[in-house]
Amino acid sequence: MDEKYYPEKIEEKWQQHWERAGAFQVESTDPRPKFYCLEMLPYPSGFLHMGHVRNYSIGDALSWYKRLRGFAVLHPIGWDSFGQPAEQAAIKRGINPRDWTEENIAHMRGQMKRLGVSYDWRREIAAHRPEYYRWDQWFFLKMLERGLVYKRKSAVNWCPQEQTVLSNEQSSGGVCWRCGAVVEKKELEQWFIRITEYAEPLLDDMREIEAGWPERVLTMQRNWIGRSVGAYIDFAVRGSDSKIRIFTTRLDTIYGATAVVVATDHPVLAEVPEDSALRDDVARFAARVRNTRASRVDPTADEEKEGLNTGLFAVNPFNGEQLPVWVANYVLMDYGAGAVMSVPAHDERDFEFAQKYSLPVRRVIERVSHAQEEIEHDAEAGLDQSVAMPHAFTDYGIVVNSGDWGGKLSADASREMAAHAEAKGFGGGAVTYRLRDWGISRQRFWGAPIPIIYCDVCGTVPVPEDQLPVKLPEQAAFTGTGESPLAGVAEFVNTTCPKCDRPARRETDTMDTFIDSSWYFFRYVDPRNDAAPFDKETIAHWVPVDQYIGGIDHAVMHLLYTRFWTKMMRDIGVVDFNEPAKRLMTQGMVTNLVEGTSEWKRMSKSLGNGVDPDDMIEAYGSDAVRLFVLFAAPPENELRWQEAGIDGAVRFLRRVYNFVWRWRSALRDAPREAPSAGEDVSPAARTLRGVTHRTIARVTEDFERFHLNTNVAALMELSNALGEFTKRPDDATAPERFAVREALEALVVMLAPFAPHVAEEMWESLGHAGGLLAEGAAHWPQADAGLARKDELEIPVQVNGKLRARISATPDTSEETLRAAALADEKVRVWTDGKQIVKVVVVPQRLVNIVVR
RNA sequence: GCCGGGGUGGCGAAAUGGCAGACGCGACGGACUUAAAAUCCGUUGACCGUAAGGUCGUGCGGGUUCGACUCCCGCCCUCGGCACCA
C-alpha cells in the first residue's frame with residue numbers, strides 16, 4: 001500500500017491478481033448455493049458507453065455481494081455480434097464484417113477489463129462464430145420438425161434505409177427500431193416462427209415472474225400480445241355462397257349493426273360484379289388508401305375515416321336484416337377477421353363513420369338505471385329505432401330493441417348470443433391477439449444462414465443435423481441492395497439436395513439476430529459443448545437466471561422472444577422450466593445535456609453528448625466512476641450525468657484509504673476477540689461499534705432490495721463515524737483498536753461490490769493475504785443485533801401531532817415511564833397546561849403524541 | 001383515447017403510517033497557504049425573530065387516522081408504452 005491513493009496502480013494490480021487467481025471462475029460442481037447474475041450482452045459497436053458502464057456496475061455489485069455472502073456466482077459476458085452495423089461498415093468502407101466485428105470485440109473486451117468487471121471470461125461467447133450459430137440453426141430445424149417454423153409469402157415491414165425486413169416488434173410505431181426510418185410494406189417469401197401459438201402461455205406464465213419483474217415490462221408485454229375476448233359471426237353475402245366473417249367484442253350490440261365494413265384488401269371485394277362501375281371505384285379506392293398509408297408523415301396518427309359503399313349486401317344472421325357492405329380505411333386486414341359489423345350507436349369509430357356517410361344510428365344498449373323506463377317507452381310509442389345521439393354510448397348496460405335478447409345485461413347477452421351462434425353454426429366465441437408470428441428472414445449477409453435447401457425435385461429440404469453448421473462464406477459483394485449478399489456467392493448457393501443428391505440451391509436469407517440473443521445465456525453455462533446447445537443437467541443447476549439486468553428498451557423485443565424461446569426449448573425437451581429469469585431489473589437511461597440546449601438526452605454520438613468511459617477511468621479510476629454511477633441515483637431512475645459528482649466519490653474513497661493507511665500498523669496488534677463483558681470500553685469505541693453493526697444491518701437489507709444508492713450512503717456514514725473517532729492510533733486502547741479494526745474491515749468488505757480494486761488493496765493492508773475471495777471465503781460481516789441497538793434514544797414528543805420536545809430514554813423504557821416523562825417535560829407543559837388531555841399515544845422506541853383539547 | 005411510472009431543497013436524492021430533507025453535489029463563511037489548488041471545520045427548505053423560539057412546507061382539492069411524502073377518492077402536470085385492435 002502506498003501512502004497515497006493511486007487508482008491506476010491499484011486497479012492494474014488487482015485486475016492482474018484476479019486473472020491469475022481465476023477469482024471469478026465457477027464450476028457447476030461448486031458445493032456452495034448458486035447465483036446466476038446476468039447483464040444483457042452488448043452489441044460490439046466498438047466502444048463501451050456509459051449505459052454499459054451502468055449496466056455492468058449494477059450487475060458487478062450484486063455479483064460481489066453474493067460472492068462475499070458465500071454464493072457460487074455465475075457472471076458471464078459475451079457478444080451479440082451479428083447484425084447491421086458490421087454490414088454497413090462493409091458496404092460503406094469495404095471492410096470485412098468479420099474483421100470489423102472481431103476488432104471491436106477485442107477493443108471492448110479491453111475496456112471491460114479496465115473497468116474490472118468480475119466476469120468468468122472462459123465462458124465468453126460470440127454469436128457470429130460457427131460454434132454458436134450452429135445451434136441457432138439446430139433450434140430452427142427442431143422448430144421446423146414441430147411445425148413451429150413455416151414459410152409464406154406475406155406483406156412484411158421493410159426498412160428502406162437498411163434495405164431489410166423487420167419484425168413487428170422491431171417496427172413498433174411504424175418506424176425502424178434501429179434507424180428510425182418510416183417502415184414500408186413489401187410482399188416477400190418469409191420464414192416465420194409461430195410465436196402466436198404461445199400467446200396464452202406468455203400471458204399465463206407471467207404469474208411465475210410477477211413478483212420479480214417490473215410491472216411495466218409485464219404490462220407492455222400484455223399490451224403487445226393484446227388478448228381480446230369476443231366472438232366471430234358469419235354474415236352471408238346476398239346472392240352469393242360466400243360469407244363475411246366479422247370479429248366483435250360487443251356481440252350484445254349486433255342488433256344495432258347498420259352496415260358491414262371490410263378492409264381494402266378483403267377477399268369479398270371480388271364479389272363486386274365485374275361489369276359494374278363500382279368495381280373500378282372499389283379498386284381505385286383501395287389503391288388510394290394504400291398510397292396514402294405509404295406516404296404519410298406520422299405513421300402512428302389516425303387517418304380521417306373514408307369509405308365506399310360496395311353495393312353488396314350482407315345478412316345479419318340474428319335478425320335476417322340486409323346490411324350494406326362498405327369498404328373503409330379504418331378496418332385492418334391483419335386484425336380479427338378483416339371485417340367488422342358497424343354499430344354506430346355503440347362504437348366511436350363506427351359513429352364517426354356513420355356521421356360522415358349518413359348511415360343510420362340505432363341504439364340497442366341503455367344505461368342500467370334508465371333502461372326499464374326507456375324500454376317501456378319505446379314499446380308504447382312503437383318508436384322508430386333510429387335516434388339522434390350526440391356521440392356513441394360505449395358502456396355496457398341493458399340490451400334493448402334486440403328481439404328475444406331485450407332486457408338482458410350486456411355480459412349475459414354476449415355470452416348467450418355466442419352460444420346461440422355456435423348452435424346455429426354461424427359463429428361462436430373467439431379470442432384474438434394482436435401478437436403476430438415472428439418473421440425471422442433477413443436479406444442480409446451478417447447473420448446465421450437459415451439451414452434450408454431448395455431442390456427442384458424434392459422441394460424445400462431441411463439441412464440434416466449432421467451437416468450443421470451451414471457456414472457463412474468468407475467474402476461476399478456488399479452492395480446494399482434489397483437482396484441478400486449470399487445470393488451472389490455461387491459456392492454458397494450451389495449445393496446438392498440432401499435427399500436426392502441432385503444440384504440444389506441454399507436459402508440465402510439469414511436469421512433475425514434476436515434469435516441469437518434469445519438463448520445466449522443458456523450457452524454461457526456450457527459454452528464449449530459441441531454435441532448439443534448445452535447439457536440439460538448443467539442448465540438445471542444454473543438456470544433460471546436469478547437476476548437479469550438491462551435496459552427497458554427490450555421490454556417487448558428481446559424479453560418477449562427469450563420468454564418464448566424458453567417455452568419452446570421446454571417443449572422440445574431440452575429444459576424443464578417455463579421462464580428464463582426469476583428477477584428482472586430494468587436500469588434507467590444515462591443522459592447528458594445536449595450542448596447549447598437545456599435538454600437531457602440519452603448519450604449518443606449523433607447528439608454529441610457522449611462521455612467516453614475510458615476518459616473517466618483515466619481521470620478518476622474505475623472504482624470512483626462505478627461508485628458514482630451507483631450512488632448518483634437509484635438503478636431504475638434516469639441518471640443525469642454530472643461529472644462534478646465523481647469528485648465526491650473520489651474524496652470518499654481517499655478518506656477511507658487514508659484512514660486505513662494511518663491505522664494499519666496500530667491494528668496489526670489489535671485484539672482478534674471482541675472485548676469481554678467486564679472489560680472497560682470507552683464510550684467512543686462503544687459508539688463506533690454501534691454504528692458499525694447498524695450499518696452492516698442496513699447495507700445487507702438494502703442489497704436485498706436493490707437500493708444500491710442508499711447502500712453507498714450508509715458506507716459514507718460509517719466512514720464519517722470513523723472520522724469522528726479522533727483518538728490517534730498510538731493512543732488507542734486495545735478495545736478501541738478492536739472497534740476500529742471491526743469498523744474498517746466491515747467497511748472495506750462492504751465497499752468491495754462498489755469499488756472492488758481499492759477494497760482489495762485495503763483488505764490486504766489490514767493484514768489479509770490472498771484477496772477477498774480467496775478459497776471461496778465468505779467475508780461479508782454479520783450484524784450483531786445487541787451491538788446495533790442504541791443505548792440511548794431520543795424520543796420525539798408531539799402535542800396534537802406537532803413536535804414540541806424530545807426526551808431521552810433507553811430502548812427498553814416502558815410505555816408508562818415514557819408517558820409520564822413526556823407529560824412532565826417542561827416544554828411539553830407549555831402546550832398542555834390548562835388543556836384537557838384527551839389521549840396519549842405511546843409508541844415505544846418511537847414517539848409520544850399527546851392529544852389535548 | 002387506453003395502460004403504466006413519476007411529481008419532495010439550487011441539484012441527484014432519503015424516509016416498514018411515527019422527528020421530512022439521511023448521504024452526496026453545488027453554494028457561502030472560516031482555518032492552513034505569499035497565493036491558488038488540495039485538505040480540514042462550520043452554515044445551507046422558506047418566512048418571522050437580536051435570541052429563545054414560532055409559522056409554513058413533500059403537484060392541487062378532499063377523506064381516513066392520535067399522527068399521512070407514505071393509505072383512500074377526485075383533479076392537474078410530466079415521462080414512457082400501445083394506439084382506427086373491432
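Owing to the predicted nature of the structure, the values given are computational and were not obtained by experimental measurement. Within every chain, numbering begins at 1; the chains are lettered A, B, ... in the order of the sequence lines, protein sequences first and strands thereafter.
- At whole-Å resolution of the value, CH2 in A:Trp326 and C1' in B:A86 are 18 Å apart.
- For the pair A:Leu627 CG and B:C23 C1', the computed distance is 12 Å after rounding to whole Å.
- B:A68 is unpaired under the Watson-Crick or G-U wobble criterion, no partner having all donor-acceptor distances under 3.5 Å.
- Nucleotide B:U43 is matched to B:A27 when pairs are restricted to Watson-Crick or G-U wobble geometry with both distances under 3.5 angstrom.
- For A:Leu323 and B:A86, the CG to P distance is 21 Å, given to the nearest whole Å.
- Taking atom C1' on both nucleotides, B:G26 is separated from B:C11 by 7 Å, rounded to a whole Å.
- The C1' atoms of B:G53 and B:U8 are separated by 26 Å, rounded to the nearest whole Å.
- B:G9 adopts a syn glycosidic conformation, its chi angle falling within 90° of 0.
- The residue A:Arg804 sits close only to the backbone: its heavy atoms come under 4.0 Å of sugar-phosphate atoms, none of a base.
- The partner of B:C2 is B:G81, by the rule that a Watson-Crick or G-U pair needs both atom distances under 3.5 Å.
- Residue contacts for A:Val331: at a heavy-atom cut-off of 4.0 Å it reaches a base atom on one of the strands shown.
- Nucleotide B:C23 holds its C1' atom 13 Å from the CZ atom of A:Phe754, rounded to whole Å.
- For an aromatic pair to be called close, the ring centres must be under 6.0 Å apart, and A:Tyr5 with A:Trp661 fails this.
- Nucleotide B:U8: unpaired (no Watson-Crick or G-U wobble partner with both distances less than 3.5 Å).
- The partner of B:A22, taking Watson-Crick or G-U wobble pairs whose two distances both stay under 3.5 Å, does not exist in any strand shown.
- Remark: A:Arg216 CZ to A:Met220 CE distance equals 7.0 Å, nearest 0.5 Å.
- Contact annotation: A:Arg694 side-chain N/O to B:A22 OP1/OP2 distance is not under 4.0 Å.
- A salt bridge does not link A:Lys790 to A:Glu792: none of the charged side-chain nitrogens sits closer than 4.0 Å to a carboxylate oxygen.
- The CZ-C1' distance, from A:Phe351 to B:G1, rounds to 17 Å in whole Å.
- The aromatic rings of A:Trp326 and A:Tyr357 are tilted relative to each other, their planes meeting at an angle between 30° and 60°.
- Here the side chain of A:Val843 is nearest to one of B:C84, B:G18, B:C25, namely B:G18.
- Residue-to-nucleotide proximity on RNA chain B shows that, of A:Gly801 and A:Ala649, the 5′-proximal contact is made by A:Ala649.
- Distances shown here put every side-chain N or O of A:Lys802 at or beyond 4.0 Å from the OP1 or OP2 atom of B:G18.
- The shortest distance between the side-chain N/O atoms of A:Arg655 and the OP1/OP2 oxygens of B:C40 is below 4.0 Å.
- As the counterpart of B:G53, B:C48 is assigned, both hydrogen-bonding distances of the Watson-Crick or G-U wobble pattern falling under 3.5 Å.
- Considering only side-chain N and O atoms, A:Arg651 lies under 4.0 angstrom from the phosphate OP1 or OP2 of B:C25.
- For the P atoms, the distance linking B:C47 with B:G10 amounts to 10 Å, nearest Å.
- In this structure, A:Asn316 CG and A:Met341 CE are separated by 8.0 Å, a value rounded to the nearest 0.5 Å.
- A:Arg654 comes within contact range of the sugar-phosphate backbone alone, with a heavy-atom separation under 4.0 Å but no base atom that close.
- Applying the 6.0 Å contact sphere to NZ of A:Lys827 captures no more than 12 heavy atoms from other residues, nucleotides or ligands.
- For CZ of A:Arg705, the number of neighbouring non-hydrogen atoms (other residues, nucleotides, ligands) closer than 6.0 Å is greater than 12.
- Regarding contacts with the backbone of B:G81, every side-chain N or O of A:Arg222 stays at 4.0 angstrom or more from both OP1 and OP2.
- Side-chain N/O atoms of A:Lys839 include one lying less than 4.0 angstrom from OP1 or OP2 on B:C66.
- B:G57 atom C1' lies 15 Å from atom CG of A:Leu803, rounded to whole Å.
- Contacts of A:Gly226 with the nucleic acid, taken as non-hydrogen atoms under 4.0 Å apart, are absent.
- A donor-acceptor contact shorter than 3.5 Å links the side chain of A:Thr219 to the backbone of A:Glu215.
- Heavy atoms from other residues, nucleotides or ligands lying under 6.0 Å from CD of A:Glu826 number 12 at most.
- B:C72 and B:G4: their P atoms are spaced 14 Å apart (whole Å).
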Give the table of side-chain donor-acceptor pairs shorter than 3.5 Å for residues 244-253 of chain A, with sequence neighbours excluded, one pair per line with atom names and distance.
{"residue": "A:Arg245", "atom": "NE", "partner": "A:Asp234", "partner atom": "OD1", "Å": "2.9"}
{"residue": "A:Arg245", "atom": "NH2", "partner": "A:Asp234", "partner atom": "OD2", "Å": "3.3"}
{"residue": "A:Thr248", "atom": "OG1", "partner": "A:Arg250", "partner atom": "N", "Å": "2.8"}
{"residue": "A:Arg250", "atom": "NE", "partner": "A:Asp252", "partner atom": "OD1", "Å": "3.0"}
{"residue": "A:Arg250", "atom": "NE", "partner": "A:Asp252", "partner atom": "OD2", "Å": "3.4"}
{"residue": "A:Arg250", "atom": "NH1", "partner": "A:Thr394", "partner atom": "O", "Å": "3.0"}
{"residue": "A:Arg250", "atom": "NH2", "partner": "A:Asp252", "partner atom": "OD2", "Å": "3.0"}
{"residue": "A:Arg250", "atom": "NH2", "partner": "A:Asp395", "partner atom": "O", "Å": "3.4"}
{"residue": "A:Asp252", "atom": "OD1", "partner": "A:Ser414", "partner atom": "OG", "Å": "3.3"}
{"residue": "A:Asp252", "atom": "OD2", "partner": "A:Ser410", "partner atom": "OG", "Å": "2.9"}
{"residue": "A:Thr253", "atom": "OG1", "partner": "A:Arg250", "partner atom": "O", "Å": "2.7"}

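- Going from the C1' atom of B:U65 to that of B:C71 covers 10 Å, rounded to whole Å.
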Can you check each nucleotide of nucleotides 3-15 of chain B against protein heavy atoms at under 4.0 Å and return B for base, S for sugar-phosphate only, - for none, in 5' to 3' order? SS------SBSSS
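- For B:U70 and B:C23, the P atoms lie 24 Å apart once the distance is rounded to whole Å.
- Distances from the side chain of A:Arg434 to the nucleotides B:C25, B:C66, B:C82 place B:C82 closest.
- A distance of 8.0 Å separates CE in A:Met585 from CG in A:Leu708, rounded to the nearest 0.5 Å.
- B:U33 is unpaired under the criterion used here, namely a Watson-Crick or G-U wobble arrangement in which both key atom distances are under 3.5 Å.
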Apply ring-ring contact (aromatic ring centres under 6.0 Å, His included) to the pair A:Phe318 and A:Phe426, showing each step before the final yes or no. CA-CA 10 Å; A:Phe318 274 85; A:Phe426 59 76; 5.4 Å; yes
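- Atoms CG (A:Asn849) and P (B:G17) sit 18 Å apart, rounded to a whole Å.
- For A:Phe247, taking side-chain heavy atoms from C-beta onward, the closest of the listed nucleotides B:A86, B:G53, B:C82 is B:A86.
- Rounded to whole Å, atom P of B:A86 lies 12 Å from atom CE of A:Met341.
- Using a 4.0 Å cut-off on heavy atoms, the residues of residues 713-721 of chain A that approach RNA chain B are A:Ala713, A:Met716, A:Glu717, A:Asn720, listed by number.
- The C1' atoms of B:G67 and B:A15 are separated by 16 Å, rounded to the nearest whole Å.
- The backbone N or O of A:Leu202 sits less than 3.5 Å from a side-chain atom of A:Arg563, completing a donor-acceptor pair.
- Nucleotides B:A14 and B:G7 have their C1' atoms positioned 16 Å apart, rounded to a whole Å.
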